[in-house]
Amino acid sequence: MKVPTSWTSSTQLLDPVIKKAEENGYEAIITADSVGELAEKLNIPAAKLQKTIDDYNSYCDHGQDREFFKNPDYLHKLTGEGGYLVGKFYSGAYGTVGGVKIDENCQVLDGRRSGYSRSLQRGIRC
């Protein structure tokens with residue numbers, strides 16, 4: 001997949017990661033040369049994806065994202081030059097409710113909140 005020259009520094013960092021992801025069949029990074037191919041890989045209607053891209057590009061032309069209110073400094077048209085790259089991102093959090101008590105260094109406190117209960121620290125990484 002060829003990318004625009006302006007992206008060169010970014011792609012120098014990303015290309016090896018993308019290649020490795022593709023070689024390993026990692027499903028969270030998807031590349032495609034066309035909107036149709038991308039739609040097929042994402043299992044969504046091509047016409048709907050094209051309309052979404054057209055709407056977004058219109059926001060770029062007008063300098064205002066009327067749907068998600070993205071900062072205009074970050075509005076950049078999707079031209080398809082060099083293909084398409086999609087990354088699926090998953091949010092998550094680490095924590096407990098009513099679990100062990102820790103200090104600012106993620107060390108487990110004992111019941112008196114002084115000293116540390118070493119036996120409880122197994123498996124906790126900060």
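Looking only at side-chain heavy atoms (C-beta outward), Lys77 and Asp61 come within less than 4.5 Å of each other. Side-chain contact between Val86 and Ile29 is absent, with no heavy-atom pair separated by less than 4.5 Å. Inter-residue side-chain proximity for Thr31 and Glu22 is flagged as met; some heavy-atom pair is nearer than 4.5 Å. Residues Lys88 and Ile30 meet the side-chain proximity criterion, which asks for heavy atoms closer than 4.5 Å.
Remark: the backbone N or O of Leu78 is paired with a side-chain donor or acceptor of Asn57 at under 3.5 angstrom.
In terms of heavy-atom proximity, Ala39 sits nearest to Ala46 at CB-CA, 3.5 Å.
Glu23 CD: more than 12 foreign heavy atoms inside a 6.0 Å radius.
Listed by first and then second residue, the side chain to side chain donor-acceptor pair (under 3.5 Å) pairs involving residues 66-75 are Tyr56-Lys70, Tyr59-Glu67 (not counting sequence neighbours). Screening residues 38-48 for salt bridge (Lys or Arg N to Asp or Glu O under 4.0 Å) gives Glu37-Lys41 as the qualifying pairs, with residues at least two apart or on separate chains.
Remark: Gln64 CD to Leu75 CG distance equals 9.5 Å, nearest 0.5 Å. Taken from CD1 in Ile44 to CG in Leu38, the straight-line distance is 6.5 Å, to the nearest 0.5 Å. Rounding to the nearest 0.5 angstrom, the gap separating the CD atom in Gln50 from the CG atom in Asp54 is 4.5 Å.
The pair Asp15-Lys19 does not meet the salt-bridge criterion, since no charged nitrogen lies less than 4.0 angstrom from a carboxylate oxygen.
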Next item on the list: List the steps, then state whether side-chain contact (heavy atoms from CB on, under 4.5 Å) holds for Ile18 with Leu85.
Entry: CA-CA 9 Å; Ile18 294 166; Leu85 170 66; 3.7 Å; yes
